[in-house]
Amino acid sequence: MTVRIAQISCGTEYSGIQREIYRAAEITGMQIIFPEVDMDDFKRAIEVIGLSPASTGLKVMLARALAIAEGKVEVDGAIVMTCFRCAEGALVRHTVRRFLHEKARIPVISYSFTERTKAENLLLRFEALVNMIERRSLLARKKHEGLTIGIDSGSTMTKGVVMKDGEILAAHWLPTTEVIASGLKVYEELLAKAGISKGQVEAIGVTGYGRFILGKELKANLMQEEITVCSKGASYLGKAQEGDATIIDIGGADNKAISIHNGVPYSFTVGGVCAGASGRFLEIASARLGVDLTTFGELALKGDPHKIVMNAYCIVFGMHDLVTALASGARKEDVAAAACYSVAEQFFEQQFQEVEAKEPVLQIGGTSLIKGLIKAFEDTLKMKIIVPPYSQYAGAVGAAILSSGMLKSI
């Protein structure tokens with residue numbers, strides 16, 4: 001069955017990216033639907049939603065959102081898109097996303113595009129949206145059975161776990177160099193640590209950037225994008241499989257904020273304005289201070305971020321701010337704290353414009369082990385941050401749980 005996704009957007013035709021949207025939709029197996037509206041719907045949508053934009057294109061977005069909420073068109077999910085240069089478009093995008101969440105109860109993702117947006121920029125988002133719809137019953141799985149292996153083939157690290165009937169028997173990670181070589185090395189180390197043979201493994205799940213090439217090599221039962229897989233791992237490890245929760249993942253290449261309900265994601269955002277809010281920025285900052293990331297996090301706990309001026313979203317200019325501060329005699333503790341708060345504040349400004357932060361808030365990934373970053377997030381969000389056990393292995397745990405579900409029912 002083809003997944004029907006409503007496109008609610010403004011300017012995609014004029015920017016020249018509509019063909020890229022169609023290409024990404026074809027690759028991921030979704031059918032793009034444009035809800036039909038007329039002039040009378042414009043006025044009614046403005047009255048119901050409570051926003052009156054100047055642009056006709058943005059008024060069309062409101063009318064299409066209302067058509068979906070009122071059941072005039074049947075769709076499985078929606079993508080809400082506006083140009084990143086348009087401030088009014090951003091306001092409408094956020095309003096429409098919230099309205100559809102409240103009224104239509106369908107998975108919704110939002111995205112600010114540029115004229116250079118390509119299908120490749122959309123694939124992860126579209127693939128995750130399709131999986132949220134097509135694999136909902138699998139994602140709703142709340143327990144793990146059997147003996148399975150999950151591997152997260154990330155852009156900077158390859159991580160894996162062995163699980164048996166809900167318990168983690170072994171975990172291993174190493175830097176990603178060559179995708180297949182790194183993945184096979186982790187796989188072999190997991191078998192050795194757990195004291196099991198390949199023949200005993202009932203299922204294998206692979207996620208992350210290298211999921212397709214590594215999954216094919218391992219003959220994996222599951223090859224699935226990291227949005228839905230990390231959501232399952234985080235909710236399982238954080239005991240947040242009932243009710244609402246929010247997941248934060250500061251990765252080496254991009255960031256993710258994911259909203260989940262009963263363990264199933266329903267909205268998410270990926271990326272940001274620049275790598276100044278990424279794990280890579282923290283790696284560079286810690287190297288500049290001559291310490292590892294764990295020590296960097298400890299230093300940040302002792303520092304005052306307000307003593308350092310950090311005004312840049314860009315990773316290059318952000319490092320310039322830190323180097324300038326050090327040259328002026330700033331303490332390492334203050335510099336480390338400023339870097340952590342800069343990441344937390346940028347994440348808040350960028351990612352939490354697209355999803356709402358609802359407690360409990362779970363932080364996963366390697367950067368969840370940086371204590372100064374956790375404190376920065378708690379101060380910025382005014383919420384308690386939960387770092388579950390094996391937080392850095394959440395993707396691998398999710399892959400192991402979901403691969404278990406490929407073989408056995410709940």
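Every value quoted in this text rests on a predicted model; they were computed, and no experiment measured them. Position 1 is the first residue of the sequence, and the numbers go up from there.
- For the pair Lys358 (side chain) and Ser259 (backbone), a donor-acceptor distance under 3.5 Å is absent.
- Here the two rings, on Phe113 and Phe84, have centers that are 6.0 Å apart or farther.
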**Study point:** Candidate pair Thr228 and Glu225, rule side-chain hydrogen bond (donor to acceptor under 3.5 Å, both in side chains), full reasoning
**Key:** CA-CA 7 Å; Thr228 54; Glu225 38 67 38; 2.4 Å; yes

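- Residues Val108 and Leu100 are in side-chain contact: their nearest non-hydrogen atoms beyond the backbone lie under 4.5 Å apart.
- Closest approach of Gly366 to Lys159, counting heavy atoms only: N-NZ, 4.4 Å.
- For the pair Glu20 and Arg116, the salt-bridge criterion is not met [side-chain N within less than 4.0 Å of a carboxylate O].
- Look at Arg93 and Glu354 and you find a salt bridge, because one of the NZ, NE, NH1 or NH2 atoms lies within 4.0 Å of a carboxylate O, short of that distance.
- Using a 4.5 Å cut-off on side-chain heavy atoms (C-beta onward), Ser231 and Ile247 make contact.
- Salt-bridge formation is detected for the pair Glu145/Lys143: a Lys NZ or Arg NE/NH1/NH2 atom is positioned less than 4.0 Å from an Asp or Glu carboxylate oxygen.
- Proximity of Leu282 to Ile370: side-chain heavy atoms (C-beta onward) are separated by under 4.5 Å at one or more points.
- Note on Arg211 versus Glu226: salt bridge recorded, some NZ/NE/NH1/NH2 to OD/OE distance being below 4.0 Å.
- Side-chain contact between Met132 and Val130: absent, with no pair of heavy atoms (C-beta onward) separated by less than 4.5 Å.
- Between the side chains of Thr156 and Arg280, no donor-acceptor pair of N or O atoms lies under 3.5 Å.
- Partners of Ser235 under the side chain to side chain contact (heavy atoms under 4.5 Å, CB included) rule, at least two apart in sequence or in another chain, are Lys232, Gln241, Ile260.
- Under a 4.0 Å N-O distance rule, the pair Glu202/Lys164 does not qualify as a salt bridge.
- With hydrogens and angles left out, the side-chain atoms of Gln31 and Thr2 include no donor and acceptor closer than 3.5 Å.
- A salt bridge links Arg85 to Glu115: at least one charged side-chain nitrogen sits closer than 4.0 Å to a carboxylate oxygen.
- The residue from Thr176, Thr158, Thr177 that alone fulfils the side chain to side chain donor-acceptor pair (under 3.5 Å) condition with Ser182 is Thr177.
- A side-chain donor from one of Asp379 and Tyr341 sits under 3.5 Å from a side-chain acceptor of the other.
- The side chain to side chain contact (heavy atoms under 4.5 Å, CB included) test applied to Thr294 returns Asp292, not counting sequence neighbours.
- Proximity of Ile168 to Leu237: side-chain heavy atoms (C-beta onward) are separated by under 4.5 Å at one or more points.
- No donor-acceptor distance shorter than 3.5 angstrom exists from the side chain of Arg288 to the backbone of Val323, with no hydrogens or angles considered.
- Taking each heavy atom of Val37 and Ala67 in turn, the nearest pair found is CG1-CB, 4.4 Å.
- Residues Gln392 and Leu369 have side chains in contact (heavy-atom distance under 4.5 Å, counting atoms from C-beta outward).
- Side chains of Ile8 and Ile68 form a contact here, defined as non-hydrogen atoms less than 4.5 Å apart.
- Ionic pairing of Lys193 and Glu188 is not present here: no N-O contact between side-chain nitrogen and carboxylate oxygen is shorter than 4.0 angstrom.
- Without hydrogens or angle criteria, Tyr266 side chain to Arg105 main chain gives no donor-acceptor distance under 3.5 Å.
- The two atoms that bring Ile364 and Ala234 nearest to each other are CG2-CB, 3.7 Å, heavy atoms only.
- Here Glu26 does not pair with Arg23 in a salt bridge; the nearest charged N to carboxylate O distance is not below 4.0 Å.
- Here the side chains of Lys384 and Val361 are not in contact, with every heavy-atom distance at 4.5 Å or above.
- Using a 4.0 Å cut-off between charged nitrogen and carboxylate oxygen, Lys371 and Glu298 count as a salt-bridge pair.
- In terms of modelled atom types and a separation under 3.5 Å, the side chain of Asp76 and the main chain of Arg4 share a donor-acceptor contact.
- Here Ala344 pairs with Ala376, Phe377, Thr380 under the side chain to side chain contact (heavy atoms under 4.5 Å, CB included) rule; sequence neighbours left out.
- Between the side chain of Asp334 and the backbone N or O of Gly303, no donor-acceptor pair lies under 3.5 Å.
- Checked by atom type and distance alone, the side chain of Thr207 never pairs as donor or acceptor with a backbone atom of Asp152 at under 3.5 Å.
- Gln7 and Pro35 get closest at one heavy-atom pair: O-CD, 4.3 Å.
- Residues Leu62 and Leu51 approach most closely at CD1-O, 3.3 Å, considering heavy atoms.
- Using a cutoff of 4.0 Å between basic side-chain nitrogens and carboxylate oxygens, Glu189 and Lys185 are scored as salt-bridged.
- Listed here is the closest heavy atom pair of Ala400 and Thr148: O-OG1, 3.0 Å.
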